[in-house]
Amino acid sequence: MHSSMSPQLAPPAPAHPAWTGRNDGPSPEHRRWHNAVPAAGPHPAAGRAFDDPVPADLVSIAGFRSDEGVRRNQGRPGARHAPAAIRQALAPLALHAGFAVHDAGDVAVNGFGLEAGQEALGEKIAALLPASRLVLVLGGGHETAYASYLGLAGSGLLEGRRLGILNLDAHFDLRRDARPSSGTPFLQIAEAEAAAGRGFRYAVAGISEPNNTRALFETAARLGVDFLTDEQCQDGAAVERFVAGFIDSVDLLYLTVDLDVLPAATAPGVSAPAAFGVPFPAIAAACRQAAASGKLALADVVELNPAYDVDGATARCAARLLTTIAHSA
C-alpha cells in the first residue's frame with residue numbers, strides 16, 4: 001500500500017551547491033565534473049525533433065534521497081543525505097573524457113512513502129535511459145536497487161535481452177519481509193522477472209558469511225544466484241574471473257555497488273560497516289571491468305551514510321568508483 005504522501009522531485013542539481021570546485025582554466029584539459037554539468041535545464045533529449053542532434057556520449061545522473069528502506073531493515077538511518085555528499089565528492093574530480101553530463105536531480109522519499117518514491121525514481125530512470133550512454137544513480141539505501149530495476153523495466157531495454165545484475169555487496173538482500181526494505185530488493189526483482197516471463201540472473205561478489213543467514217543462502221541457491229564470499233574476493237584474479245563469466249552470460253548489465261562491501265576502515269560511513277570487507281582495488285577493478293564490457297546501461301552506488309563518514313572518506317570512495325565507471329563505459 002502506498003503512502004498518501006507523494007515523493008518530492010528535487011530541483012535539478014546543477015543549481016545545487018555541490019556542483020562547485022576549482023577552475024584551472026577554460027580549455028578541455030582542465031575539465032572537472034562540475035564543469036561538465038550545464039546550467040539547470042531539461043534533459044538534453046527533451047523537446048527535440050526526431051532529427052535534432054542528441055549528445056552521443058551522455059552520462060545522466062539521478063539521486064534517491066531515501067533511508068526508509070534502511071530504517072525498515074533495522075539499520076542506522078542517514079542514507080537520504082548521500083546524493084548531495086556524493087555530488088560534492090564527485091564535483092572536483094578530473095574528467096579525462098569528453099562525455100556530456102546531465103544531472104536530473106533527486107527523488108526524495110517523504111515520511112514512510114518508500115514504494116511511491118521507488119516508482120517515481122523508476123519513471124525518471126526510464127526516461128533517462130534511452131538518450132543516455134550510461135545512467136548513474138546515487139542512493140539512498142539499497143532499496144534504491146528496486147527503483148533502478150523499475151527504470152530498466154520501464155525503458156523497454158529488457159525486451160529480448162538477458163538482464164544481468166552484478167551486485168558488489170556484503171549481503172544478498174534477498175530477504176522476504178512484510179514490507180519492502182533495503183534487505184528485499186533482489187527478491188522483489190526476482191519475482192517481478194518471473195512474472196514477466198524472464199529469467200533472473202543475479203551475481204554477488206563480497207558476501208559476508210556471518211552476516212547472511214542460512215535462509216538467505218538457501219534462497220540464493222533456489223534462485224541460482226552466483227556469489228563469491230568476501231574471503232574469496234581477497235584474490236583479485238578470482239574476482240576478475242567471476243565478473244567475466246557473469247558478463248559473458250548476459251546481454252545487458254546493471255551494476256549495483258553497496259559501499260558496505262568495503263572494509264570499515266576504508267568506508268566507515270555506511271549503514272552497516274564491514275568487519276572484513278573486500279579491498280578497494282578489487283571493487284574498483286570489478287567496476288572497471290563491468291563498465292568496459294559494453295553491456296552496462298545503469299549503475300548505482302548505495303548505502304553511504306554521511307553522518308558516520310570520517311573526513312568524507314566513504315563519499316570519496318563512491319566518487320572514485322563512479323568516475324571509474326563513467327570513464328570505462
Side-chain angles (χ1 to χ4, degrees), residues 1-8 64-82 107-125 137 139-154 163 165 167 169-204 206-225 227 254 256 258-261 270-274 300 302-305 307:
M1 181 178 296
H2 293 173
S3 166
S4 61
M5 301 181 70
S6 61
Q8 300 290 313
F64 194 42
R65 297 207 305 266
S66 171
D67 56 18
E68 172 60 11
V70 174
R71 188 192 68 80
R72 294 181 186 184
N73 203 31
Q74 303 178 42
R76 55 186 189 178
R80 67 185 180 277
H81 301 298
V107 169
V109 171
N110 279 346
F112 306 122
L114 172 58
E115 293 84 351
Q118 288 171 318
E119 290 183 8
L121 180 58
E123 291 171 3
K124 182 186 285 284
I125 292 168
V137 180
H142 220 157
E143 64 268 25
T144 305
Y146 189 62
S148 292
Y149 165 76
L150 291 176
L152 282 164
L163 172 67
I165 302 170
N167 184 16
D169 196 345
H171 306 94
F172 284 117
D173 289 339
L174 290 168
R175 189 183 310 280
R176 182 174 296 282
D177 213 335
R179 293 190 301 170
S181 74
S182 62
T184 66
F186 301 107
L187 183 60
Q188 292 175 264
I189 294 170
E191 292 174 345
E193 286 290 88
R198 295 187 292 258
F200 179 58
R201 298 171 180 87
Y202 176 46
V204 194
I207 288 295
S208 169
E209 189 170 1
N211 292 106
N212 291 267
T213 64
R214 177 50 49 192
L216 290 169
F217 278 95
E218 290 172 355
T219 300
R222 176 172 58 83
L223 294 172
V225 177
F227 68 90
Y254 158 38
T256 179
D258 187 327
L259 294 164
D260 74 16
V261 74
V270 294
S271 301
D300 58 38
V302 304
E303 297 282 358
L304 169 65
N305 189 330

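Interatomic distance, CG of Leu114 versus CZ of Arg71, reported as 9.5 Å (0.5 Å rounding). Between Glu303 atom CD and Asp67 atom CG the span is 9.5 Å, to the nearest 0.5 Å. In this structure, CD in Glu123 is found 10.5 Å from CD1 in Ile125, a value given to the nearest 0.5 Å. Residue Thr144 holds its OG1 atom at 12.5 Å from CZ of Arg65, rounded to the nearest 0.5 Å. One distance of note links CZ of Arg80 with CG of Leu304; it measures 13.0 Å at 0.5 Å rounding. Between the CG atom in Asp173 and the OG1 atom in Thr219 there is a gap of 12.0 Å [rounded to 0.5 Å].
Salt-bridge formation is not detected for the pair Glu218/Arg176: no Lys NZ or Arg NE/NH1/NH2 atom is positioned less than 4.0 Å from an Asp or Glu carboxylate oxygen.
Counting only heavy atoms from C-beta outward, the side chains of Phe172 and Leu187 never approach each other to under 4.5 Å. By the 4.5 Å heavy-atom criterion applied to side chains, Val70 and Glu143 are counted as neighbours. Within the 4.5 Å cutoff, the side chain of Tyr146 has no heavy atoms near those of the Pro180 side chain. You'll find the side chain of Asn73 stays beyond 4.5 Å of the side chain of His142, heavy atoms only. Counting only heavy atoms from C-beta outward, the side chains of Glu193 and Ile189 approach each other to under 4.5 Å. For the pair Asp260/Ser271, no side-chain contact is recorded, criterion being any heavy-atom separation below 4.5 Å from C-beta on. Between Thr256 and Phe186 there is a side-chain heavy-atom pair separated by less than 4.5 Å. Contact check for His171 versus Asn212: side-chain heavy atoms found under the 4.5 Å cut-off.
Here the shortest heavy-atom pairing between Arg179 and Thr184 reads O-CG2, 4.1 Å. Contact record, Gly69 with Ser66: N-OG, 4.3 Å, taken as the closest heavy-atom pair. Among all heavy-atom pairs drawn from Phe64 and Gly117, the shortest one is CE1-O, 3.6 Å. Between Ala82 and Gly140, the shortest heavy-atom contact is CB-N, 4.0 Å. In terms of heavy-atom proximity, Pro185 sits nearest to Gly183 at CD-C, 3.4 Å.
By the 30° and 60° cut-offs, the orientation of the rings of Phe217 relative to Phe227 is perpendicular.
Sparse packing is recorded around CD of Glu209, with 12 or fewer heavy atoms of other residues, nucleotides or ligands lying under 6.0 Å away.
Side-chain N or O atoms of Asp300 include none that pairs as donor or acceptor with a backbone N or O of Ser148 at under 3.5 Å.
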Discussion item. I'd like to know whether Leu223 forms a side-chain contact (heavy atoms from CB on, under 4.5 Å) with Tyr202, so could you lay out the CA-CA distance, the side-chain angles of the two residues, the decisive distance to 0.1 Å, and finally the verdict.
Written reply: CA-CA 9 Å; Leu223 294 172; Tyr202 176 46; over 6 Å; no
Discussion item. Apply side-chain contact (heavy atoms from CB on, under 4.5 Å) to residues Arg198 and Leu163 and explain how you reach the verdict.
Written reply: CA-CA 9 Å; Arg198 295 187 292 258; Leu163 172 67; over 6 Å; no
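Of the candidates Leu174, Asp169, Asp258, Ile165, Val204 forms a side-chain contact (heavy atoms from CB on, under 4.5 Å) with just one, namely Asp169.
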